[in-house]
Amino acid sequence: MTTLAPAPVKAAPVPETLRSGRLARWVPWALLAASLLVMLAVFLVMDGVSGGGLNYGGWLVTSAVVYLVLITVISSIVEGTRKATDRFVTGLVTVAFLIAMVPLVSVAITVVANGVSRFDPLFFSNSMRNVVGPGGGALHAIIGTLLVTLAAAVISIPIGLMTAIYLVEYGKDNRMARGITFLVDVMTGIPSIVAGLFAYALFAIFLGPGARLGIMGAIALAVLMIPVVVRSTEEMLRLVPNELREASFALGVPKWLTIVKVVLPTAIAGITTGVMLSISRVIGETAPLLITAGFTDSVNYNLFDGRMQTLPVYTYTQYANQGIPPEAYTDRAWAAALTLILIVMLLNLVARVIAKVFSPKTGR
């Protein structure tokens, strides 16, 4: 009996785009180095002609442009248009990221370099009471910043959370919810000085003009924090799947308990991040605190009695009202700025720990 051999299977034709070549891994780096060197030579020649200093910013930007042009053209010739477009977009995103990092890294390096000289025990244990010239510290400003920000958080976080819960869970598409959303959007963009004027005018009705209290500064900061808390919490609550709510309702759980036990724990990580963003947004405000809390050289632990110094106002007054020697005042200003950055960093680390501890566990 004759056995028929199977017919050979003809391979499908390979698209032309898959037959194209591919650049070696070292080629993009070589093009980047060549772009930097060529543009450096051009700028050095221009510097020799004009007599000015080397423009580092212009050199880096033009080098990036030259690199993008070279990598796109060469990749288009060797790899094809599709891969060339991919390399161009990747390079463009990378350049944009590096440009965005330049001011951040520059600010961090500048603050650390100038503020570390006064980062000593005296700075954190003394106030500016009866201090003229060198010495002194920012203990009163640190305490004032922590107290005012804590009071603002106590005021704004519950209001913001409950407002967001109403907008998402109870007030879907009704007129009041739309009105609240519109007002929150407007409040998000108001200048901080307006919040300070509002708090000052509110307390001037009861205490008269000229009053300066720490609680006034907390009210001003709370006005700025509330819209940020509302918007961030609202977006996090909308990300919670409706299936979780429906499963809870099917078990006979009331709506308020579903929100407390199901919805909020599911969104706690994003809510915590939004709260920390709102605190970071207001902890460095200067204008509203100048109007409401004022400034003083002594430690004040009572938000409802007398003026209260804060780190942003302390930094401003030390730099604006320099005495003799001026270096002592500028050193204290830079050290206060560095302290403020470290406080914000610490708050963000605490927020990440809280979000990790209280977020729902996905493991079995």
Side-chain angles (χ1 to χ4, degrees), residues 104 107-108 111 115 124 138-165 167 184-196 198-199 213-237 264-265 267-293 300-301 303 308-316 336-359:
L104 177 62
V107 168
V111 173
F124 295 98
L139 176 63
H140 59 310
I142 296 173
I143 293 174
T145 295
L146 296 178
L147 290 177
V148 170
T149 307
L150 178 62
V154 170
I155 296 170
S156 61
I157 292 175
I159 296 175
L161 286 177
M162 288 186 286
T163 302
I165 290 172
L167 293 176
V184 168
D185 291 338
V186 172
M187 289 177 61
T188 304
I190 64 172
S192 59
I193 189 67
V194 176
F198 163 76
L213 299 173
I215 191 63
M216 293 173 60
I219 295 293
L221 297 185
V223 172
L224 299 173
M225 285 181 64
I226 288 174
V228 180
V229 175
V230 172
R231 296 302 294 172
S232 60
T233 304
E234 184 182 0
E235 294 302 323
M236 291 301 105
L237 294 179
L264 289 179
I268 188 63
I271 292 174
T272 305
T273 302
V275 169
M276 288 300 107
L277 285 175
S278 67
I279 294 176
S280 302
R281 156 83 166 83
V282 302
I283 198 172
E285 290 291 347
T286 306
L289 296 178
L290 271 173
I291 298 174
T292 55
N300 182 10
Y301 294 95
L303 288 166
M308 182 170 284
Q309 184 76 288
T310 55
L311 279 171
V313 177
Y314 177 83
T315 304
Y316 168 76
L338 179 57
T339 304
L340 193 60
I341 291 176
L342 292 178
I343 291 175
V344 174
M345 185 183 301
L346 180 62
L347 289 175
N348 280 276
L349 291 176
V350 171
R352 289 180 178 274
V353 172
I354 293 175
K356 185 175 182 179
V357 170
F358 291 98
S359 61

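Atoms OH and CG, from Tyr314 and Leu340 in turn, are 13.0 Å apart once rounded to the nearest 0.5 Å. Distance check, rounded to the nearest 0.5 Å: CD of Glu234 to CD1 of Ile271 gives 11.5 Å. Between the CG atom of Asn348 and the CD1 atom of Ile343 there is a distance of 12.5 Å, given to the nearest 0.5 Å. From Phe124, atom CZ reaches atom CD1 of Ile142 across 5.5 Å, with rounding to the nearest 0.5 Å. In this structure, the separation between OG1 on Thr339 and CG on Leu346 is 12.0 Å, given to the nearest 0.5 Å. Residue Leu221 holds its CG atom at 5.0 Å from CG of Leu289, rounded to the nearest 0.5 Å.
Applying the salt bridge (Lys or Arg N to Asp or Glu O under 4.0 Å) test to pairs two or more places apart or on separate chains, none has a residue in residues 138-152. Applying the salt bridge (Lys or Arg N to Asp or Glu O under 4.0 Å) test to residues at least two apart or on different chains, the pairs with a partner in residues 278-291 are Arg281-Glu285.
Scanning for side chain to side chain donor-acceptor pair (under 3.5 Å) contacts around Ser280 gives an empty result, with sequence neighbours left out. With sequence neighbours left out, Leu303 forms a side-chain contact (heavy atoms from CB on, under 4.5 Å) with Leu147, Val148, Ala151, Ile215, Met308. Every residue two or more places apart in sequence or in another chain that forms a side-chain contact (heavy atoms from CB on, under 4.5 Å) with Ile165 is listed here: Glu169, Tyr170, Leu237, Ile259, Leu264. Residues passing the ring pair (Phe, Tyr, Trp, His ring centres under 6.0 Å) test with Tyr301, sequence neighbours excluded: none.
Pairing each heavy atom of Ala336 with each of Leu311, the nearest pair is CB-CD2, 3.9 Å. For the pair Leu224 and Ser192, the tightest heavy-atom approach, listed with the atom from each and the gap, is CD1-CB, 3.8 Å. Among all heavy-atom pairs drawn from Phe198 and Ile219, the shortest one is CE2-CG2, 4.5 Å. Summarising the geometry of Ile226 relative to Ser156, their closest heavy-atom pair is CG1-CB, 3.5 Å, with the distance given to 0.1 Å. The two residues Val313 and Thr286 make their nearest non-hydrogen contact at CG2-O, 4.1 Å. Between Pro288 and Ala220, the shortest heavy-atom distance links the atoms CB-CB, 4.1 Å.
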(request) Give the C-alpha distance, both sets of side-chain angles, the deciding distance and a yes or no for side chain to side chain contact (heavy atoms under 4.5 Å, CB included) between Val344 and Ile283. (result) CA-CA 8 Å; Val344 174; Ile283 198 172; 3.5 Å; yes
(message) His140 vs Asn300, test: side chain to side chain contact (heavy atoms under 4.5 Å, CB included). Steps then yes/no.
(response) CA-CA 7 Å; His140 59 310; Asn300 182 10; over 6 Å; no
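Panel note: side chain Ser232, backbone Val229; a donor-acceptor pair is recorded below 3.5 Å.
Using a 4.5 Å cut-off on side-chain heavy atoms (C-beta onward), Val223 and Ile190 make contact. Between Thr272 and Val275, the closest side-chain pair of non-hydrogen atoms is not below 4.5 Å. Within the 4.5 Å cutoff, no side-chain heavy atoms of Val353 are placed close to those of Leu349.
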